[in-house]
Amino acid sequence: MADTITITDNRTGKQYEIPVENETIRATDLRKIKVSEDDFGLMTYDPAFMNTSSVKSRITFIDGDKGILRYRGYPIEQLAENSTSFLETAYLLFYGELPTKAQLEKWRLNIKTHSLVHDNVKKIIEGFYREAHPMGVFTSALAALSTFYPEAQNIHDPEIRMQQVYRLMGQVPTIAAWVYRHSKGMPYVYPDTKLTYAENFLNMMFNTGTAEPNVNPVLEHAMTVLFILHADHEQNCSTNVMRSIGSSHANPYAAAAGAAAALSGPLHGGANEEVLKMLDEIDRLANVPDFIKNIKEGKGKLMGFGHRVYKNYDPRAKVIKKLAYDVFKVTGSNPKLDLALALEKIALEDDYFIKRKLYPNVDFYSGLIYQAMSFPTEFFTVLFAIGRTIGWLTQWHEHITDTEQKIARPRQIYIGSGERNYVPMNERK
Ligand code: SDX
């Protein structure tokens, strides 16, 4: 049997052989299906890209039905369990192989030596109200970085590209921590190159002026695992934006700022913040049945549940749920955990959710840990962005070095007015 499909156009009776490759057909192959010679030819219509692949990628594999997530072939559970540091997983994502000791050291050094932020970035952060939403400040600071490194525009130079990868990986945690410190009116803590990635971040966030960093190792491990779990997730909304902006050959800071803006949406990375707001709104176990009833009547969504790809339990949510108990041993339990567990139990047994294959996703339990670690709720999505920065950069790099890619410019189905003539003001009704 040939790797083709045969399409019969019943409008003309003509038949067309369309090649099948990687279980897909090329949409442009449909253009030859026409009713008349001056026809544009068939297009596909796929709002929200429910069934459209726009790239070929070697980075992350997801099987949504089986709840499988692998970075460069390595199951996320194994990386969460065994990865000695976030930068080890970040190296794996970017280069495609687990690093040797020497490779990891070089990668770590390159990133650490770029973790200092230009002093003027403080002025950008301080230009915002203390109460400004951290994602608004964080996204703005990311975009501003491009003005400090104009050479980043030369995206075709491999060395310059890597310089920006090191800078973003190094500076994103610093900017995130300084956004928080500004909101609290606290002095900035500078990066400490002796610390691990997660330890350095937590120290810049919460150091209260002690000379020596004193990050609890359980919390450092939890932060490392959370960064690993958030690092990449194939063609999610924000990564699609990173690739689309990158396709116009804009610099990587502009692309990362766009990706962060997309991530801030409550249906995407902003969901971890929405989960805590939802749990606050439910407030007590006695209110759970009524809350679920409202959801089933279409009044709102169970935040932290459901996924475009996973139609099974998000493997990241399983790891995070387990991690929560380790963190609570140090921080004390989060009283909202019982509410979350009750919601999950009901949802997993209720036909409304089962029929729609709605399971906890990465955002359902992560917020409980972040809150227990003293992060403010509106800061949760910034934490998501810190982990995801390596995913955005890796996907961006794959995109701009993919010879098959061009500037992203989808088509449309025009359903507006036909041609009509201008009407002078005094003749308008
Ligand atoms: C992330 O794409 C990624 O990989 C994202 C991410 C990553 O790592 O980058 O995994 C991170 O964004 C996780 C998702 C975080 N968002 C939320 O938790 C918000 C709540 N979830 C939903 O908004 C929703 O599930 C989405 C946005 C995640 C997915 O939406 P889809 O794929 O567009 O599905 P849909 O809205 O078409 O829903 C299908 C049905 C609908 O019911 P019917 O119209 O068929 O009756 O399921 C219902 C929806 O109403 N539904 C929900 C629901 N999610 C979907 N009903 C109640 N609560 C929900 N959470």
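Model, not experiment: these values are computed from the prediction. Numbers here simply count residues along the sequence, with the first being 1. Start at 1 and go down the list; that is how both ligands and their atoms are numbered.
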*Show your reasoning for whether ring-ring contact (aromatic ring centres under 6.0 Å, His included) applies to Tyr180 and Tyr188.*
CA-CA 9 Å; Tyr180 171 74; Tyr188 300 119; over 10 Å; no
*Using the ring pair (Phe, Tyr, Trp, His ring centres under 6.0 Å) rule, collect all pairs that involve residues 311-364, keeping only residues at least two apart or in two chains.*
Phe305-Phe364
*Between Tyr370 and His230, what is the ring plane arrangement, given parallel below 30°, perpendicular above 60°, and tilted in between?*
tilted
*Partners of Lys123 by side-chain hydrogen bond (donor to acceptor under 3.5 Å, both in side chains), sequence neighbours excluded?*
Asn120
_Any donor-acceptor N/O pair, Lys112 side chain to Thr193 backbone, under 3.5 Å_ = yes
*Taking side-chain hydrogen bond (donor to acceptor under 3.5 Å, both in side chains) as the test, write out the residues that go with Thr239, two or more places apart.*
Asn236
Less than 3.5 Å apart, N/O on ligand 1 and N/O on the protein: could you list those pairs with the distances?
| unit_1 | atom_1 | unit_2 | atom_2 | d |
| --- | --- | --- | --- | --- |
| ligand 1 | 4 (O) | His233 | ND1 | 2.6 |
| ligand 1 | 4 (O) | His307 | NE2 | 3.2 |
| ligand 1 | 8 (O) | His233 | ND1 | 3.4 |
| ligand 1 | 8 (O) | Arg316 | NH1 | 2.6 |
| ligand 1 | 8 (O) | Arg388 | NH2 | 2.8 |
| ligand 1 | 9 (O) | Arg388 | NH1 | 2.8 |
| ligand 1 | 9 (O) | Arg388 | NH2 | 3.4 |
| ligand 1 | 10 (O) | His233 | ND1 | 3.4 |
| ligand 1 | 10 (O) | His307 | NE2 | 2.6 |
| ligand 1 | 10 (O) | Arg316 | NH2 | 2.8 |
| ligand 1 | 12 (O) | His268 | ND1 | 2.9 |
| ligand 1 | 16 (N) | Leu267 | O | 2.8 |
| ligand 1 | 18 (O) | Gly304 | N | 2.9 |
| ligand 1 | 18 (O) | Asn361 | ND2 | 2.9 |
| ligand 1 | 21 (N) | Phe305 | O | 2.9 |
| ligand 1 | 32 (O) | Arg308 | NE | 2.7 |
| ligand 1 | 33 (O) | Arg308 | NH2 | 2.8 |
| ligand 1 | 42 (O) | Arg356 | NE | 3.3 |
| ligand 1 | 46 (O) | Arg356 | NE | 3.2 |
| ligand 1 | 46 (O) | Arg356 | NH2 | 3.1 |
| ligand 1 | 58 (N) | Leu302 | N | 2.9 |
| ligand 1 | 60 (N) | Leu302 | O | 2.9 |
| ligand 1 | 60 (N) | Phe305 | O | 2.9 |

